[in-house]
Amino acid sequence: MTSTDLALLSATDLLHAYARKTISPVEATKAALDRIDALNGKLNAFRMVDHESALASAKQSEARWAKGEPVGLVDGVPTSIKDLSLTEGWSTLRGSKTVKADGPWDVDAPYVARLREHGAVLLGKTTTPEFGWKGVTDSPLTGITRNPWDPTKTPGGSSGGAAVAAAAGMGALHQGSDGGGSIRMPAGYTGIYGIKPTFGRVPAYPASPFGSVAHIGPMTRTVADSALMLTVMGEPDARDWYAVPYEGADYRNALRPSVAGWRIAYSPDLGGATVQPEVAALVAKAVEVFRELGATVEEVESPLPNSHEVFAAHWFTGAANLFSAFSEEQKALIDPGLVEVAEAGAKYALLEYFAAVKQREAMGTAMNEFHETYDLLLTPTLPQPAFEAGHEVPPGSNMKRWTEWTPFSYPFNLTQQPAATIPCGRVGGLPVGLQIVGPKWGEDMVLTASAAFEGVMPIELPTI
């Protein structure tokens with residue numbers, strides 16, 4: 001097995017190999033680090049990498065496996081953390097020149113703490129746009145992150161570094177966050193699997209400045225790895241006041257590959273989104289897979305109204321809240337697009353914001369009622385393949401903000417439902433994603449459907 005082959009193994013396969021003692025955590029970690037060293041200069045997936053710490057953790061894991069005493073579910077698995085998440089001993093710069101690197105950095109975010117407790121080998125911090133504000137990944141601090149399928153294209157964002165790292169074999173498990181599509185958009189553009197769980201399913205600390213649209217979840221090369229990672233990340237933490245009660249779920253049990261008898265809805269445009277014809281055709285073909293698997297699939301009218309303005313009222317005011325803490329000197333260092341969004345958010349009157357909250361409540365109720373009839377909703381993940389890197393919107397599109405080309409993702413941040421993306425083909429050599437949306441608290445159903453689809457259409461990775 002070559003170093004590249006080893007780097008591309010799933011976490012599930014690595015753990016089986018560790019148990020059989022055919023591969024060691026040190027070998028797997030070295031392979032991941034070699035892959036980072038070879039490709040990060042070209043793709044810019046990591047803001048920082050800690051070789052010394054990763055290898056030390058891997059050696060500790062190797063010793064535990066040698067005794068047959070792994071400390072947890074992901075012991076020895078190379079893992080990355082998005083650079084919005086607190087990590088003890090490492091700076092969290094959030095893609096911004098406004099954050100001082102000298103810390104102190106003495107706290108882990110809840111899901112980082114859980115991954116450490118379960119023995120994960122943390123490699124480093126992946127890139128993000130400044131404070132995760134947009135759907136592509138470039139920032140004043142780290143520059144442009146690029147798509148491994150075509151480095152001239154964007155990987156999407158804001159978890160673009162995590163998505164690139166997953167697709168390119170720079171570790172097996174990758175933590176993302178999703179406030180408007182920031183797991184699903186980059187996973188869709190890079191051809192990997194990503195799931196945004198129900199809001200509060202993965203405890204977070206500190207709370208996102210963008211409020212209760214922000215979710216934490218896994219990004220991986222297989223559905224099974226996301227189920228494994230979500231099982232770990234979902235363990236409880238008292239620091240999150242919003243977190244849902246812990247149920248002890250093991251999402252690996254959801255990987256039964258059968259949706260026979262399920263009733264599944266399909267919305268090709270979610271109420272009027274313009275979808276590139278080649279993308280629409282691939283998604284429609286992917287929907288047919290569920291019929292072949294025994295589900296009843298019905299094309300439906302969108303259960304939701306156009307929610308662009310509702311989301312803007314939540315997201316832009318969150319940016320304004322974030323911006324209010326900066327000095328004039330700091331503001332001069334910030335991404336001009338984030339400045340514009342914050343300024344727009346500051347113009348919302350309080351009653352306008354509460355009107356948007358009421359509209360959001362109605363959306364959530366509508367989806368609860370929708371899922372009394374339908375087990376799942378299928379849509380495209382994105383309406384077009386990846387566009388040129390370094391741009392917030394597709395060049396020549398006459399769009400202004402990233403929210404204009406992401407109509408399928410942020411509605412389900414507003415409703416707080418679990419939603420995943422899985423690759424369903426390629427257009428012009430670039431991945432296309434199918435979005436699978438489940439009822440609130442229905443991560444197990446989303447994972448079951450994802451595993452069933454993956455069994456028919458295995459995830460393919462870029463040759464790089």
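None of these values were measured; they are calculated from a predicted model.
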### Task
Please round to the nearest 0.5 Å and tell me the distance separating atom OG1 of Thr128 and atom NZ of Lys134.
10.0 Å

### Summary
Applying ring pair (Phe, Tyr, Trp, His ring centres under 6.0 Å) to Tyr205 and not counting sequence neighbours gives none

### Query
Rounded to the nearest 0.5 Å, how far apart are CZ of Arg116 and CG of Leu122?
5.0 Å

### Task
Please collect all side-chain hydrogen bond (donor to acceptor under 3.5 Å, both in side chains) contacts where either partner lies in residues 165-193, sequence neighbours excluded, each pair once.
Ser80-His174, Lys82-Ser177, Ser85-Gln175, Ser158-Ser182, Asp178-Arg184, Asp178-Asn413, Arg184-Asn413, Arg184-Gln435, Tyr189-Gln384, Tyr193-Ser450

### Task
Begin with the C-alpha distance, continue with both residues' side-chain angles, and end with the deciding distance and a verdict on ring pair (Phe, Tyr, Trp, His ring centres under 6.0 Å) for Phe387 and Trp405.
CA-CA 11 Å; Phe387 51 88; Trp405 55 266; 5.0 Å; yes

If you look only at distance, which donor and acceptor atoms sit under 3.5 Å apart when one is on a side chain in residues 365-372 and the other is two or more places apart or in another chain?
{"unit_1": "Thr365", "atom_1": "OG1", "unit_2": "Glu361", "atom_2": "O", "d": "3.2"}
{"unit_1": "His371", "atom_1": "ND1", "unit_2": "Tyr374", "atom_2": "O", "d": "3.0"}
{"unit_1": "His371", "atom_1": "NE2", "unit_2": "Gln417", "atom_2": "NE2", "d": "3.0"}

### Message
According to ring pair (Phe, Tyr, Trp, His ring centres under 6.0 Å), does anything in residues 429-464 pair up with another residue at least two apart or in another chain? List the pairs.
### Response
Phe290-Phe453

### Query
Are Glu130 and Ser96 close enough, and set up right, to give a side chain to side chain donor-acceptor pair (under 3.5 Å), and what steps lead you there?
CA-CA 5 Å; Glu130 194 164 22; Ser96 182; 2.5 Å; yes

### Message
Filter on ring pair (Phe, Tyr, Trp, His ring centres under 6.0 Å), then keep only pairs touching residues 248-274, sequence neighbours left out; what's left?
### Response
none

### Glu388 with Lys153: basic N within carboxylate O range, under 4.0 Å
yes

### Summary
CD1 (Ile192) and CZ (Arg221) are apart, to the nearest 0.5 Å, by 9.0 Å

#### Entry: Non-hydrogen atoms of Thr29 and Gly76 that approach each other most closely
OG1-O, 4.5 Å

### Query
Which residues pass the salt bridge (charged side-chain N to carboxylate O under 4.0 Å, His left out) test with Arg201, sequence neighbours left out?
Glu247, Glu443

### Query
What residues form a ring pair (Phe, Tyr, Trp, His ring centres under 6.0 Å) with Phe316, not counting sequence neighbours?
none

### Task
Would you check, one step at a time, whether the test side-chain contact (heavy atoms from CB on, under 4.5 Å) holds for Glu309 with Gln359?
CA-CA 10 Å; Glu309 293 304 319; Gln359 290 174 283; over 6 Å; no

### Message
Counting C-beta onward and ignoring hydrogens, is there a side-chain heavy-atom pair between Val74 and Val121 closer than 4.5 Å?
### Response
no

### Query
If you look at every heavy atom in Leu14 and Ala172, which pair is closest and at what distance?
CD1-CB, 4.4 Å

### Query
So, Arg94 side chain and Phe131 main chain: donor-acceptor pair closer than 3.5 Å or not?
no

### Task
Could you tell me whether a side-chain N or O of Asn147 sits under 3.5 Å from a main-chain N or O of Thr154, the two making a donor and an acceptor?
yes

#### Entry: Heavy-atom closest pair, residues Lys42 and Pro151
CE-CG, 3.5 Å

### Query
For the side chain of Trp315 and the backbone of Trp133, is there at least one donor-acceptor N/O pair under 3.5 Å apart?
yes

### Message
Under a plain distance cut-off of 3.5 Å, with no hydrogens placed, do Thr127 and Thr142 share a side-chain donor-acceptor pair?
### Response
no

### Message
Please enumerate all residues that pass side-chain hydrogen bond (donor to acceptor under 3.5 Å, both in side chains) together with Asp375, with sequence neighbours excluded.
### Response
none

### Query
CZ/Phe46 to CG/Asp37 distance, rounded to the nearest 0.5 angstrom?
10.5 Å

### Query
From Ser307 OG over to Tyr410 OH, what is the distance, rounded to the nearest 0.5 angstrom?
5.0 Å

### Task
For Asp444, check salt bridge (charged side-chain N to carboxylate O under 4.0 Å, His left out) against everything at least two apart and list the hits.
none

### Query
Between the side chains of Thr220 and Ser226, is a donor N or O closer than 3.5 angstrom to an acceptor N or O?
yes

### Task
Taking the side chain as every heavy atom from C-beta outward, state whether Val213 and Leu414 have any pair of such atoms under 4.5 Å apart.
yes

### Query
Taking atom types as modelled and ignoring hydrogens, do the side chains of Thr415 and Lys440 form a donor-acceptor contact shorter than 3.5 angstrom?
no

### Task
Could you give me the CA-CA distance, side-chain angles and deciding distance for His308 and Thr403, then say whether side-chain contact (heavy atoms from CB on, under 4.5 Å) is met?
CA-CA 7 Å; His308 181 270; Thr403 48; 3.1 Å; yes

### Message
Check the orientation of His314 and Tyr353. Use parallel for under 30°, tilted for 30 to 60°, and perpendicular for over 60°.
### Response
tilted

### Task
Step through the shown structure and confirm whether more than 12 heavy atoms of other residues, nucleotides or ligands are within 6.0 Å of OH on Tyr246.
yes

### Query
Does atom CG of Asp5 have more than 12 heavy-atom neighbours, drawn from other residues, nucleotides or ligands, at distances under 6.0 Å?
yes

#### Entry: Pairing residues for Asp50 by the side-chain hydrogen bond (donor to acceptor under 3.5 Å, both in side chains) criterion, not counting sequence neighbours
Trp90

### Task
Compare all side-chain heavy atoms of Pro218 with those of Val202 and state whether any distance is below 4.5 angstrom.
no

### Message
Once rounded to the nearest 0.5 Å, what's the spacing between atom CE of Met457 and atom CD1 of Ile422?
### Response
9.0 Å

### Message
Distance alone, cut at 3.5 Å: any donor-acceptor contact between the side chains of Thr137 and Thr145?
### Response
no

### Verdict with supporting geometry, Thr12 and Arg252, side-chain contact (heavy atoms from CB on, under 4.5 Å)
CA-CA 11 Å; Thr12 303; Arg252 296 172 297 177; over 6 Å; no

### Query
Which residue pairs satisfy the side-chain hydrogen bond (donor to acceptor under 3.5 Å, both in side chains) criterion with at least one member in residues 275-290, sequence neighbours excluded?
Glu288-Arg291

### Task
Please assess Arg360 against Gln416 for the test side-chain contact (heavy atoms from CB on, under 4.5 Å), listing each intermediate value before the final yes or no.
CA-CA 10 Å; Arg360 181 187 185 185; Gln416 300 188 332; 3.3 Å; yes

### Task
Please report the shortest heavy-atom distance between Pro148 and Val164, naming the atom on each side.
CD-CG2, 3.9 Å

#### Entry: Which residues share a side-chain contact (heavy atoms from CB on, under 4.5 Å) with Thr222, sequence neighbours left out
Ser10, Ala224, Asp225, Glu454

#### Entry: Side chain Ser409, main chain Gly180, donor-acceptor under 3.5 Å
yes

### Task
Kindly give the heavy-atom pair with the smallest separation between Ile36 and Val49, and that separation in Å.
CG2-CG2, 3.7 Å

#### Entry: Side-chain touch Thr126/Ser159, heavy atoms, less than 4.5 angstrom
no

